[in-house]
Amino acid sequence: MRFRQIHLDFHTSEMIPDIGKQFSKQQFQEMLQVGHVDSITIFAKCHHGWAYFPSKTNEMHPHLDFDLLGAQIEAAHEIGVKTPVYVSAGFDEKLARRHPDWLMRDENDQTNWVKGFMTAGWHQFCLNSPYLDLLVSQVEEVVRKYDGDGIFLDIVGVRTCYCHNCVADLRADGKDPRNKADIIALGEKVYANYTSRIKEAVHAIKPGMGIFHNAGHISQGRRDLAAMNSHLELESLPTGGWGYDHFPLSARYAQLLGMDFLGMTGKFHTFWGEFGGYKHPNALRYETALSLANGARCSIGDQLPPGGAMDQGTYELIGAAYSEVERKEAWITDTVNIADVALLTSEAAGVGISNDSSMFTGRADAGAVRMLLEGKFLFDVVDLDVDFNAYKVLILPDQIVVSGKLKDKLEDFFKHGGKVLATGKSGLDPEGKEFVIDLGVKHVMDNPYQPDYFRPGFPLASLGGAAFIMYAKGQKIELSGGTELGRREDPYFNRDVFTFCSHQHTPNSTKDGGPGMVESDNGIYIAWNVFEDYAVKGSLAHKESVVYALNRLLPSKTLTTSLPAQGVVTLQEQASEGRIVNHLLYASPVKRGEDVEIIEDILPVYDVSVSLLLEGRKAERVYLAPQMTPISFEQNEGRIDYAVPKLECHQMVVIDLMKLE
């Protein structure tokens, strides 16, 4: 895999004339060079269904009169740029109108992504239909005919479908299409068959060729789905619905899978297919740096105009980011994340995602990641196949009910001295009746008051001592061997038509409602859905309570820093080079328009202090990369302290380790 990829969309309607008339080999090459690009995904087939080369298995775009795909591959290879080839798998709009019987259907016999054919948009194919044979033949033709550097298939994944083929297959197997479990099981089978067919077809022609199936998100806890790819591409356009918290959440899981992976953002101000929309150059600088800091390589989405001429403004914009990436590559390859904390997400635990706050991200998971980033904790996102004993603390956010494999793993984790931070329903049995793991508390009931109040038994870092509003649902508990760190205080009553007070919620009665935060030998339990609450409300009291709990559970953190809240810090080890790379990033996304997060100004941060606990290892030298500027450091009892004089967007600090005798 290369480091600096472009994903060049070319979804082009048959209603547009003169396709590719402005394509120039020289101009194409010049723009790739201006953009510092080393790989570009180019189109064999688009969502409209057209081929961009003379095809025997498909129809070439009616207004294209030459082999655009072949010309792009030739031009890119001539200057050393790789060319993965894109094939639209889930969408083929021209074919959808000829074969609506091959499309996915819901329970009401409606299509997706748009319902029916009187709305502009795409219609998704069922891969349990004759369409699959056609798709496989189209992929085979591309692989056989061209010297591409991989295959990228889009709009695919495990689906639930009620088309006539799926219903008939279920009934033939004695299953009931009205049973959701049977529909889900068929969806799993159909997707596995599709990926197997594609791999068999591609590797029969070019053994080992890279294949990626894009679903817009890498499913946590589904290593079997990840393994159906040769590598991973983490689609995560912050302004396109994913937000700035999704990529760290996804990357901190993906790096554990041991596969090459890249982070895919876009040059667009909003979403794919936006012509004339541009991010600020600082946004792309930050987003590509965020990929590097999380062990990923980079991909930036663009869309080629119908005429085929690359947009110079776009490649100047991309080049500003990729020129920096190019200088940093030596410190990014073959890295492993260093983490104190493991976050077991709702998705990875198999308890589902509820109350989506952004694309593919449940509120509890989003709030947890945001708190960990702002609190400057080193963390991984884990599933049930990870060895929990590699971490000091495991977070169970809000809804991680416990049974079976998870129960066994937690008991082993506790035996080895591990600690958990559990919140809300986490730690309860699946019925929500009693705690399965010993957190020093006994479950009484779902707390009848919402919202209510938390009075910590410790001063918060910024807010001191008070009783703080807790908006989300909570659990009423009693002590059972644990130590209370803070208590719940009830409101006078819940807000109702006959009992309400003031503009929002009922004031605090100061009546003791039982423990709110409890410490035990196994960790700390907080009786509210604090992570979901933080994702929705962003309350400082919530974050500082969680940070206090985590710091209490981590008396010897690997890293502490003075980097402000909006900064991001990671620690990546390059064992092959005998060094550790500390990534520091700082930018402040702001809201523009209706819920569009943008990055514009990059303000420098000065004299950022960092302290690392390296557990017996010593530093030989510390320097800034890629500048190669040495910085002074102090080393005492396994801890290394240094300060970064100036951080502007992204700075790597490299710690060369002394070789062990």
Given ring pair (Phe, Tyr, Trp, His ring centres under 6.0 Å), test His231 with Phe261 step by step and report yes or no. CA-CA 6 Å; His231 67 283; Phe261 72 108; over 10 Å; no

Checking ring pair (Phe, Tyr, Trp, His ring centres under 6.0 Å) for the pair Phe454/Trp528: CA distance, chi angles, key distance, verdict? CA-CA 9 Å; Phe454 175 49; Trp528 292 270; 5.4 Å; yes

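Contact record, Trp331 with Val654: CD1-CG2, 3.5 Å, taken as the closest heavy-atom pair.
Among Gln572, Arg621, Gln574, the single residue meeting the side chain to side chain contact (heavy atoms under 4.5 Å, CB included) criterion with Arg579 is Gln574.
Annotation: salt bridge (Lys or Arg N to Asp or Glu O under 4.0 Å) contacts involving residues 401-411, sequence neighbours excluded, comprise Asp385-Lys405, Lys407-Glu411. For residues 367-384, the set of pairs meeting the salt bridge (Lys or Arg N to Asp or Glu O under 4.0 Å) definition, not counting sequence neighbours, comprises Arg223-Asp383, Asp245-Arg370, Arg252-Asp380, Arg370-Glu374, Glu374-Lys543.
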Would you list the atom pairs, donor with acceptor, under 3.5 Å between side chains in residues 466-485 and any protein atom, with sequence neighbours excluded?
{"residue": "Gln475", "atom": "OE1", "partner": "His443", "partner atom": "NE2", "Å": "2.7"}
{"residue": "Gln475", "atom": "NE2", "partner": "Asp446", "partner atom": "OD1", "Å": "3.4"}
{"residue": "Lys476", "atom": "NZ", "partner": "Gly513", "partner atom": "O", "Å": "2.9"}

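A donor-acceptor pair is defined here as one N or O able to donate and one able to accept, closer than 3.5 Å; such a pair exists between the side chain of Asp438 and the backbone of Gly440. Distance alone, capped at 3.5 Å, is enough to place a donor-acceptor pair between the Asn229 side chain and the Ala226 backbone.
Environment of CD in Glu431: crowded, with over 12 heavy atoms of neighbouring residues, nucleotides or ligands closer than 6.0 Å. Atom CG of Asp656 sits in a crowded spot, with more than 12 heavy atoms from other residues, nucleotides or ligands closer than 6.0 Å.
Using the six-membered ring where Trp is involved, His213 and Tyr191 have ring planes that are perpendicular, over 60° apart on the 30 and 60° scheme.
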